[in-house]
2 protein chains.
Amino acid sequence: MPRKRNAHRSPDMPTLADVARLAGVSEITASRVVRAQGPIADSTRARVLTAIAELGYIPNRAAGTLASAGSTLMSVLLPSLSNIVFPDVLRGIHTALTETAFQPVIGVTDYDPLIEERILVSFLAWQPAAVIVAGLHHTPTARRHLEHGRFRVAELMDIDGEPVDIAVGMSHRQAGYETGKHLVQRGYRRFGYARHNVTTDDRASARYEGLCSALQEAGLSLVAEHCYPDASSTKAGRDALAILLAAHPDLDVVVFPNDDMAMGGIFHCMYAGIAVKEKLGIFGFNGLDIGQAMPMPLSTILSKRFLIGKTAAEKLLESRERPAEKTIINTGFDIIEGATA
Amino acid sequence: MPRKRNAHRSPDMPTLADVARLAGVSEITASRVVRAQGPIADSTRARVLTAIAELGYIPNRAAGTLASAGSTLMSVLLPSLSNIVFPDVLRGIHTALTETAFQPVIGVTDYDPLIEERILVSFLAWQPAAVIVAGLHHTPTARRHLEHGRFRVAELMDIDGEPVDIAVGMSHRQAGYETGKHLVQRGYRRFGYARHNVTTDDRASARYEGLCSALQEAGLSLVAEHCYPDASSTKAGRDALAILLAAHPDLDVVVFPNDDMAMGGIFHCMYAGIAVKEKLGIFGFNGLDIGQAMPMPLSTILSKRFLIGKTAAEKLLESRERPAEKTIINTGFDIIEGATA
DNA sequence: CTGTTAGCGCATTCAC
DNA sequence: GTGAATGCGCTAACAG
């Protein structure tokens with residue numbers, strides 16, 4: 001005696017077969033209606049749609065994926081969510097995916113390539129249509145998977161390197177360089193730099209290098225730097241600036257790896273009665289709203305996070321097949337003059 | 001002649017069958033090794049593991065889900081990612097899920113119950129093991145799905161209501177109430193309130209009501225309120241306060257629906273030369289780091305976003321079956337005295 | 001501890 | 001425009 005169908009699952013989840021039976025058509029016809037694919041007579045479509053509504057049918061994507069060897073998932077691997085930059089990128093991705101059948105699946109790597117690799121593999125188990133990762137630097141294994149998979153790949157934020165498929169972002173090296181040039185031009189000479197401890201944030205490192213090379217071209221170099229022994233935060237910036245100034249009271253400008261820390265720097269100046277800009281220039285990176293809402297808007301660089309996410313997702317949707325040649329999209333950046341440097 | 005296996009897919013993706021063949025065992029044995037389930041001889045396990053490594057085998061979760069009627073996905077539906085609150089919740093969820101087989105799938109509802117319903121349905125198509133949503137208020141359809149599905153459900157942030165399965169959060173009504181009591185006790189009498197335009201942010205509304213009822217108990221009421229016609233932001237807070245004060249220069253305290261806007265209020269005071277606290281109290285909500293890093297730390301309420309996310313995910317993992325009785329977990333909140341009220 | 005059998009729910013292929 | 005047959009890759013249920 002054959003075991004009962006659906007023996008080990010809930011009996012009340014209607015399947016395509018139920019829909020087909022109720023509508024008096026074959027499964028494949030019902031399937032075509034669900035997917036809005038292939039020629040269907042209007043009357044047939046109507047009957048199937050009615051049956052779907054009546055049963056409250058929800059298609060089983062696992063079955064669909066298995067049968068068609070391709071899912072509607074887009075894997076998104078981001079270094080962090082605490083840093084508002086990445087939620088912004090995500091919003092961009094979401095915006096591009098609204099009204100499409102695709103759904104993002106998010107993973108957080110904590111800036112650790114090994115974690116990235118681990119999450120990537122677990123995501124690939126879902127046969128994603130596309131994978132979005134941050135940066136161009138991955139473990140060899142991860143890179144191999146990205147190169148050989150049957151899915152599109154977008155590498156975000158950074159364009160200083162060779163992408164697997166598509167890269168969307170800006171040159172962080174250039175941003176650092178332009179920061180240096182801009183500040184030198186404004187008369188600053190004694191530079192300080194306050195970093196934080198995320199050693200694998202390649203973008204911050206690239207900006208740092210760009211800054212140094214701009215200084216070098218001007219016959220200058222960093223007078224002092226301090227590495228805050230913890231993750232980036234406003235408090236980190238505040239404390240780091242206090243320490244920097246204690247050792248080097250003669251600095252005339254301090255560059256921060258991001259706006260959060262730069263805000264902390266400004267808070268220290270407020271606290272210590274230091275005239276920002278006249279006595280000490282403060283420069284950030286990202287162009288967050290909060291910095292621009294201050295009485296003296298933060299001098300910084302506007303990175304286009306939302307645009308990066310949106311552009312990447314849109315590009316990925318253009319074709320399921322990986323094109324022969326790689327694409328690099330430079331979303332650029334803007335210097336925000338502000339009032340703090 | 002039978003069609004070639006894998007006719008319509010890439011030929012080079014190894015399957016369990018390949019692993020089993022290479023290891024000289026049956027598919028089910030290989031499957032047991034992959035899932036670390038059931039008794040397996042060490043030597044067998046080793047052979048299978050070797051085969052897996054050699055082939056670079058990645059299990060197909062779509063097939064696994066289909067065969068076992070249950071996925072390892074956890075659907076997470078959040079109102080927004082711009083509001084740092086929700087990334088914090090997500091981090092908590094991620095933390096609880098690390099080292100488990102579960103993966104979060106994120107959707108963003110924009111505070112719109114209809115969008116929530118739409119995304120929920122599309123997520124249910126993946127047979128998630130659990131669903132996390134924000135708040136206790138959903139469309140009737142969404143609520144029906146949540147109630148009748150074969151998955152666990154956690155409703156986050158808010159506990160003022162009847163959950164489907166688990167609720168984790170705090171009473172926002174009470175938070176508003178305590179805010180009012182606290183400020184009255186500190187001598188404030190002429191209250192202003194600066195809201196923003198997200199009408200469906202039930203939590204903010206609940207806090208507003210709690211505040212009003214505390215004032216009423218003290219024989220007071222809001223002197224003025226202003227609704228900023230745009231989404232919440234620091235700039236919104238700054239502008240809203242300017243408008244409020246222009247019409248009501250005699251306010252002695254202004255409550256904001258969140259810290260971002262409260263920071264804007266402080267920036268307006270700095271700009272306009274208003275002595276914060278002595279001349280005008282400023283009170284926020286959330287307890288963001290940046291507010292506490294200011295020279296005068298923001299007076300606010302600490303909501304425990306990370307804890308909410310972490311607790312919810314942990315609870316959901318405790319059992320796959322929905323228990324008979326509903327659970328409500330109150331993570332509470334702390335009043336941060338700060339220096340701005 | 002290991003294997004055999006029988007599907008999970010859907011989409012592809014080809015025929016009509 | 002519609003349908004029948006077939007199998008995607010994996011796992012539940014039992015038997016040994």
Side-chain angles (χ1 to χ4, degrees), chain A residues 1-11 13-21 23-48 52 55 57-72 101 124-127 150, chain B residues 1-11 13-21 23-48 52 55 57-72 101 124-127 150:
Chain A
M1 173 187 119
R3 209 175 323 119
K4 224 178 82 199
R5 169 179 166 280
N6 270 353
H8 60 286
R9 59 201 69 208
S10 113
M13 284 253 292
T15 72
L16 200 53
D18 300 323
V19 172
R21 201 173 311 124
V25 299
S26 71
E27 282 190 50
I28 184 61
T29 300
S31 171
R32 288 190 179 114
V33 172
V34 170
R35 284 173 300 141
Q37 219 227 61
I40 296 283
D42 284 348
S43 64
T44 310
R45 188 195 335 278
R47 281 213 318 287
V48 173
I52 286 175
L55 295 173
Y57 168 71
I58 298 181
N60 182 330
R61 291 294 314 140
T65 299
L66 183 57
S68 71
S71 82
T72 53
L124 294 187
W126 289 100
Q127 328 284 100
R150 275 176 57 75
Chain B
M1 169 188 121
R3 211 178 321 120
K4 222 177 81 198
R5 168 177 166 284
N6 270 353
H8 59 289
R9 57 202 68 208
S10 109
M13 285 251 291
T15 73
L16 243 198
D18 298 324
V19 172
R21 201 173 310 125
V25 298
S26 70
E27 283 190 49
I28 186 65
T29 299
S31 171
R32 289 192 179 113
V33 171
V34 169
R35 286 173 298 142
Q37 220 226 59
I40 295 283
D42 284 350
S43 64
T44 311
R45 190 199 328 282
R47 282 215 316 288
V48 173
I52 287 174
L55 294 172
Y57 168 71
I58 297 181
N60 183 330
R61 289 295 314 140
T65 299
L66 183 58
S68 70
S71 81
T72 53
L124 294 187
W126 290 100
Q127 328 283 100
R150 277 176 55 75

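Throughout, protein chains are lettered first and strands after them, A, B, ... in sequence-line order, and every chain is numbered starting at 1.
Nucleic acid contact for A/V34: none, since no nucleic acid atom lies under 4.0 Å from a heavy atom of the residue.
Nearest nucleotide to the B/R32 side chain, out of C/dC1, D/dA13, D/dT2: D/dA13. Distance from the side chain of B/A67 is smallest to C/dC8 among C/dC8, C/dC10, C/dT2.
For the pair A/L16 CG and C/dG9 P, the computed distance is 11 Å after rounding to whole Å. Between the CG atom of A/L66 and the C1' atom of D/dT11 there is a distance of 12 Å, rounded to whole Å. Put simply, CD1 on B/I58 is 17 Å from C1' on D/dC8, counting in whole angstrom units. Rounded to whole Å, atom P of D/dT11 lies 10 Å from atom CD of B/E27. The nearest whole Å value for the distance from the CG atom in B/N60 to the P atom in D/dG7 is 18 Å. Atoms CZ (A/R21) and P (D/dT2) sit 19 Å apart, rounded to a whole Å. As a whole-Å value, the separation of A/Q37 CD from D/dT2 C1' is 14 Å. Put simply, CD on B/Q127 is 18 Å from P on D/dC10, counting in whole angstrom units.
Contact annotation: side chain of A/R45 to base of D/dG1, donor-acceptor pair absent below 3.5 Å. For A/R61 against C/dG9, a side-chain-to-base donor-acceptor contact under 3.5 Å is absent.
Under 4.0 angstrom from either OP1 or OP2 of C/dC10 there lies no side-chain N or O belonging to A/S68. Residue B/R35 has a polar side-chain atom (N or O) positioned under 4.0 Å from OP1 or OP2 of D/dA12. OP1 or OP2 of D/dG3 sits under 4.0 Å from a side-chain N or O of A/T29. A close approach under 4.0 Å does not occur between any side-chain nitrogen or oxygen of B/T15 and OP1 or OP2 of D/dG9. For C/dA11, the OP1/OP2 oxygens have a side-chain nitrogen or oxygen of A/S31 closer than 4.0 Å.
In this structure, B/I40 and B/A63 both approach DNA chain C, and ranking their closest nucleotides by distance from the 5' end singles out B/I40. Comparing B/A62 and B/I28 against DNA chain D, the residue whose closest nucleotide sits nearer the 5' end is B/A62.
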